[in-house]
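Below, chain A is the first sequence line, B the second, and so on; all start at residue 1. Note: hydrogens, waters and symmetry copies are ignored here, and every other heavy atom, side chains too, is used.
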2 protein chains.
Amino acid sequence: MPLTPLRRVNLAHDISAQLSQAIVAGDFPAGAVLSEPMLAKRLGVSRAPVREALIELETRGMVEFDERGRSRVPSLTHDDLVDILGIRIALEPRAASLAARRADPLAFVDLEHNLDAMRAAQTPTELARLDTAFHSAIVRASGSRRLHLCWNVVEHQVDLWLAQMQSRVDALCHQLRDTTVAAHAAMFETIRSGDTLRAEELARKHLTDWLDVLPGAPVV
Amino acid sequence: MPLTPLRRVNLAHDISAQLSQAIVAGDFPAGAVLSEPMLAKRLGVSRAPVREALIELETRGMVEFDERGRSRVPSLTHDDLVDILGIRIALEPRAASLAARRADPLAFVDLEHNLDAMRAAQTPTELARLDTAFHSAIVRASGSRRLHLCWNVVEHQVDLWLAQMQSRVDALCHQLRDTTVAAHAAMFETIRSGDTLRAEELARKHLTDWLDVLPGAPVV
DNA sequence: CACCGCGGTATTGTCGACAGTCGACCGCAG
DNA sequence: CTGCGGTCGACTGTCGACAATACCGCGGTG
């Protein structure tokens, strides 16, 4: 073993991750107030790390601060989803292009594992999680820390929207499963081949295709 | 007057703004450690709001946390600048397009004032500040809160880079002043006319032009 | 019955304090 | 002189406490 410890703990970071997960899991419905004492009590910690976690989540759009400083779970509308996808259409082609140029073997492993997992996935929830994870992996593969910071803003927004629109999700996911896997596989191959332009175009098309599935006004 | 004096104070927010300004002003050189007790002492507050401000600045890329939790001013290389501009090329055309569609009169006032101020500006520092402010105003004019969150990641990065590369800045700014004003004016007119496609294209071109001025490898 | 004032309650923003940890420095042995 | 251990100081992460404030329900009043 390389014997490589280790990371001084940071409760705020763990809390942030756990809260984020709880929110997309639907534990806190849209509009719910996340009071600091309540969270601190449930988590068995003091308010300080909870506050820090909430601040981080605010920059990721997972919670909103109202005029009184209380944090709430934002309630997403259809327009919000369109807005989110519009941003992803701006960011992800760039990420795919950079990833193709960078060609990091470790990132390729991640992407390949994700593809395998998605082919084996059963539940729509699992599929949605893996879909988001695949796109996250591409952003990480880009190697740009700042692009990743931007990506954080939209990373879990679609999951949050899915949690709040639980009705239609399952049918949609099932319907799209095979096309999604195919699109991801194509993106992976293209990125691995180093074709930056085509990677960019595939990423854009993958997202606009998804957008077309939704009813409502066009994005661009 | 709508008579709306409110907003319970939030030291963290003020500290964040002040620190951000101090960093781009060069008060803290690249790599400098921003220790919480030091900042708290200088600002006359306790460490709590300082910590929160630092967390916010971290998500904006204005400070970085090292493995021991200390916050440092990141030192930007040429590659970083290219990375930043690549992200802006992804984000800003989208913002311009949305702004053109939204056509918010209040935002137009902001943009126009900025143009006037830039035409009257004298010092390169002032020019750089107004340039960033103009692009910020377009992002705000897009009406997308999430796009603004993404924009926060890159908003002051160019200013920071300028602060760290102080040598060449002045010449560059002076050289580019008139073209910048002209480009901004064209963008403003296009956005006001509601031509989303052209607004998008102008925003992209304005940034890629700037990129071309710099030496080094291409972005795409 | 409708309306207003008022106290209780809950929550935020801020503060000071403490433990754990890490680097810097110094003295000492080899 | 060099390498080592011990000590000191500084900093971070976390905690509990306090003041200020806004909300909620209740009782009093016109």
Asker: I need the residues from residues 33-47 of chain A with at least one non-hydrogen atom less than 4.0 Å from DNA chain D; give them sorted by number, or say none.
Answerer: A:Val45, A:Ser46, A:Arg47

Asker: Using the C1' atoms of the five pairs at each end, what is the angle between the end axes of the helix from C:dC1-D:dG30 to C:dG30-D:dC1, to 10°?
Answerer: 0°

Asker: Is any side-chain nitrogen or oxygen of A:Arg51 closer than 4.0 Å to OP1 or OP2 of C:dG13?
Answerer: yes

Asker: Indicate yes or no: at least one non-hydrogen side-chain atom of A:Leu54 is less than 4.5 angstrom from one of A:Leu19.
Answerer: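 Side-chain contact under 4.5 Å: yes.
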
Asker: Listing request: all ring pair (Phe, Tyr, Trp, His ring centres under 6.0 Å) pairs with a residue in residues 118-137 of chain A, at least two apart in sequence or in separate chains.
Answerer: A:Phe134-A:His184, A:His135-A:His184, A:His135-A:His206

Asker: Go through the structure and list residues passing salt bridge (Lys or Arg N to Asp or Glu O under 4.0 Å) with A:Arg204, not counting sequence neighbours.
Answerer: A:Glu200, A:Glu201

Asker: Taking side-chain contact (heavy atoms from CB on, under 4.5 Å) as the test, write out the residues that go with B:Arg102, two or more places apart.
Answerer: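 Testing B:Arg102 for side-chain contact (heavy atoms from CB on, under 4.5 Å), a comparison that skips the adjacent residues, returns B:Asp104.
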
Asker: Partners of A:Glu155 by side-chain hydrogen bond (donor to acceptor under 3.5 Å, both in side chains), sequence neighbours excluded?
Answerer: A:Ser136

Asker: Strictly by salt bridge (Lys or Arg N to Asp or Glu O under 4.0 Å), give each pair with a member in residues 144-153 of chain B just once, sequence neighbours left out.
Answerer: A:Glu64-B:Arg145, A:Asp80-B:Arg146, A:Asp83-B:Arg146

Asker: Only counting residues at least two apart or in another chain, list the ones meeting side-chain hydrogen bond (donor to acceptor under 3.5 Å, both in side chains) with B:Thr132.
Answerer: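 Counting only residues at least two positions away or on another chain, B:Thr132 forms a side-chain hydrogen bond (donor to acceptor under 3.5 Å, both in side chains) with B:Asp159.
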
Asker: How close or far is atom P of C:dT12 from atom CD of A:Glu58, stated in whole angstroms?
Answerer: 14 Å

Asker: Please check the phosphate of C:dT21 (OP1 and OP2 only) for any side-chain N or O of B:Arg68 closer than 4.0 Å.
Answerer: no

Asker: Would you please name every residue forming a salt bridge (Lys or Arg N to Asp or Glu O under 4.0 Å) with A:Arg140, sequence neighbours left out?
Answerer: none

Asker: Using whole Å, report how far CD of A:Glu52 lies from P of D:dT14.
Answerer: 7 Å

Asker: If I take atom CZ in residue B:Arg72 and atom P in nucleotide C:dG23, what distance separates them, rounded to the nearest angstrom?
Answerer: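 B:Arg72 atom CZ is separated from C:dG23 atom P by 11 Å.
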
Asker: Within this structure, what is the CG-to-P distance between A:Asp14 and D:dT14, rounded to whole angstrom?
Answerer: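 Going from CG in A:Asp14 over to P in D:dT14 covers 9 Å.
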
Asker: Please report, rounded to the nearest Å, how far the P atom of C:dT12 is from the CG atom of B:Leu11.
Answerer: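 Spelled out: CG on B:Leu11 to P on C:dT12 is 17 Å.
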
Asker: I want to confirm an ordering. Mapping B:Ala12 and B:Arg70 to their closest nucleotides on DNA chain C, which one lands closer to the 5' end?
Answerer: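 Its nearest nucleotide being more 5', the pick is B:Ala12.
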
Asker: According to a strict under-4.0 Å criterion, is B:Asn10 in side-chain N/O contact with OP1 or OP2 of C:dT12?
Answerer: no

Asker: Would you mind reading off the distance between A:Asp66 atom CG and C:dT12 atom C1', rounded to a whole angstrom?
Answerer: 10 Å

Asker: If I compare all heavy atoms of B:Ser16 with all of B:Leu57, which pair ends up nearest, and what's the gap?
Answerer: OG-CD2, 3.7 Å

Asker: CZ of B:Phe65 versus P of D:dC11: gap in Å, rounded?
Answerer: 15 Å

